[in-house]
J.: 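This structure is in C-alpha cells; I'll ask about it shortly.
Atoms within a ligand are numbered from 1 in the order they appear, just like the ligands themselves.
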Amino acid sequence: MIQVDVEEVSKAFGAREVLRGVRFRVKPGEWFGILGPNGSGKSTLLHLITGLEPATAGNVRLDGKPVASCSRKALARQIAVLEQDALPPLGFTVQEVIEMGRYPYQNWLGDETADAAALVERIIAWLKLDSLRERTIDHLSGGERQRVALGKAMAQEPKLLLLDEPTTFLDIGYQVEMMDMVREWQQEWGMTVISVLHDLNLAAQYCDRLLLLHEGATAGIGTAEEVLRADLLEQVYGTRPHILAHPDSGVPQILLGKGTR
Ligand code: ADP
Ligand code: MG
C-alpha cells in the first residue's frame with residue numbers, strides 16, 4: 001500500500017494548460033475515483049502519477065518520495081496501470097501475457113523471486129482463466145481481454161493500481177465483475193487504487209472518495225454524497241441529473257435529466 005500526494009500539480013502542452021493546481025492525498029489502501037467530462041485532464045493526471053509525464057508545476061509523491069526521482073524499474077515494481085484495451089500485440093497466449101507482468105522483477109538470470117510461477121498459477125485460477133490459458137488473446141471477448149489485462153497487472157504485485165476507464169467497452173455484467181475483482185484483490189493484497197471512471201454510478205458504488213475535474217481544475221472532492229450533487233454536475237457536464245439513493249447501499253445514483261448546455 002502506498003500513499004499518493006498530488007501537490008498543486010499543473011500540466012501544460014505548449015500553451016495549453018490541461019491541469020491547473022490539482023491537489024489531493026490518497027491514503028494507503030484507499031480507492032480513489034477521478035471523474036470529469038471528456039478532455040478534462042483525467043488521463044493526463046494518471047500519467048503524471050505514473051511518472052511517465054513530468055508535471056509543469058507541482059509534485060507527485062509516492063510515500064513522500066517525488067516520482068520524478070524514482071527509477072523506471074522502481075516505479076514498475078510499485079505501480080501497475082490498466083488502460084482501456086491496453087494488451088500487447090496479438091499472437092501471445094493468455095498465460096504469456098500474464099507472465100509479462102513479471103517483467104520488472106526479471107534480470108538476466110530470470111525472475112528474481114522463486115515463487116513467480118506459483119503466483120501466475122494463483123492469478124490464472126482466481127481469474128478463472130484456466131481453460132483459456134493456451135489460447136492467444138486475438139479472439140477473446142472484451143470481458144475476457146480485460147480479465148487478462150487485470151491478470152498481467154496482478155502479476156506485477158503493485159502497491160498502487162491505476163485504472164483508466166477499465167469498464168468502458170463492457171456490458172453491465174462484466175462491468176460489475178471487473179469492479180468486484182478489483183475490490184476483492186485490493187482487500188486481499190492491501191493495495192491503493194486510483195481509477196478514472198466514466199460511469200458516475202459505478203464510481204459512487206466502489207470508490208471511497210471522488211475527485212471531479214472540470215477543465216483541468218478541481219470542481220469537487222470528497223465522498224460520493226459530497227461530489228455527486230445535481231448543481232455541481234450540471235455546472236460541469238451541462239445536464240442536470242436526478243439523484244437517488246441506491247436501495248441496497250444508500251449511495252447516490254444518477255438518473256439522466258435534460259441537457260442544460
Ligand atoms: P480525459 O482523459 O479527461 O478525457 P486527457 O487528459 O486525455 O482528458 O486530455 C486533456 C486535454 O489535454 C485534452 O484537450 C487533450 O487533447 C490534451 N492532451 C492530452 N495529451 C496531450 C499531448 N500529449 N499533447 C497535447 N495535448 C494533449
Ligand atoms: Mg482519458
J.: For Y105, does the six-membered ring have the charged nitrogen or CZ of R102 within the cation-pi criterion, i.e. under 6.0 angstrom from the centroid and within 45° of the normal?
T.: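 Satisfied, under 6.0 Å and within 45°.
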J.: Are a donor atom and an acceptor atom from the side chains of E157 and W189 found within less than 3.5 Å of each other?
T.: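 The criterion, which ignores hydrogens and geometry beyond distance, is not satisfied for W189 and E157.
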J.: Does atom 7 (O) of ligand 1 have a protein non-hydrogen atom under 4.0 Å from it?
T.: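 Looking at atom 7 (O) of ligand 1, one finds that a protein heavy atom does lie closer than 4.0 Å.
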J.: So do I137 and V94 actually touch side chain to side chain, heavy atoms under 4.5 Å?
T.: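 V94 vs I137: side chains touch.
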J.: Quick test: of every protein heavy atom, which one is nearest to atom 5 (P) of ligand 1, and how far off is it to 0.1 Å?
T.: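 Going atom by atom, the protein heavy atom closest to atom 5 (P) of ligand 1 ends up being T44 OG1, 3.6 Å.
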J.: May I ask whether P37 has any heavy atom positioned less than 4.0 angstrom from an atom of ligand 1?
T.: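 Checking ligand 1 against P37, which is what was asked, there is a heavy-atom contact under 4.0 Å.
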J.: What residue and heavy atom of the protein are closest to atom 4 (O) of ligand 1, and at what distance?
T.: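 Nearest protein contact, heavy atoms only, for atom 4 (O) of ligand 1 is G39 N, 2.7 Å.
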J.: Provide, to 0.1 Å, the distance between atom 19 (C) of ligand 1 and the closest protein heavy atom, together with that atom's residue and name.
T.: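 Result: F13 CE1, 3.6 Å.
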J.: Taking the six-membered ring for Trp, are F24 and F32 ring centroids under 6.0 Å apart?
T.: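 Ring centres of F32 and F24 closer than 6.0 Å.
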J.: Report, in ascending order of atom number, the atoms of ligand 1 lying under 4.0 Å from any heavy atom of N38.
T.: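 It comes down to these atoms of ligand 1: 4 (O).
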J.: Among H198, K42, R16, which one puts a heavy atom closest to atom 3 (O) of ligand 1?
T.: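 Heavy atom nearest to atom 3 (O) of ligand 1 belongs to K42.
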J.: Measure from the side-chain N and O atoms of T56 to the backbone N and O of A12, and report whether any donor-acceptor pair falls under 3.5 Å.
T.: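 Checked: pair present.
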J.: Of the backbone and side-chain N, O or S atoms of N38, does one lie nearer to the Mg ion (ligand 2) than 2.8 Å?
T.: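 N38 does not place any N, O or S atom closer than 2.8 Å to the Mg ion (ligand 2).
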J.: Can D231 and R229 be said to form a salt bridge (charged side-chain N to carboxylate O under 4.0 Å, His left out), step by step?
T.: CA-CA 6 Å; D231 52 344; R229 292 186 286 112; 3.3 Å; yes
J.: Would you say ligand 1 has an N or O under 3.5 Å from any N or O of G41?
T.: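 Yes.
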J.: V18 to ligand 1: N or O pair under 3.5 Å?
T.: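 Between V18 and ligand 1, no N or O pair is found under 3.5 Å apart.
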J.: Roughly how far, to the nearest 0.5 Å, is CG of L202 from OG of S195?
T.: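 Rounded to the nearest 0.5 Å, the OG-CG separation comes out at 9.5 Å.
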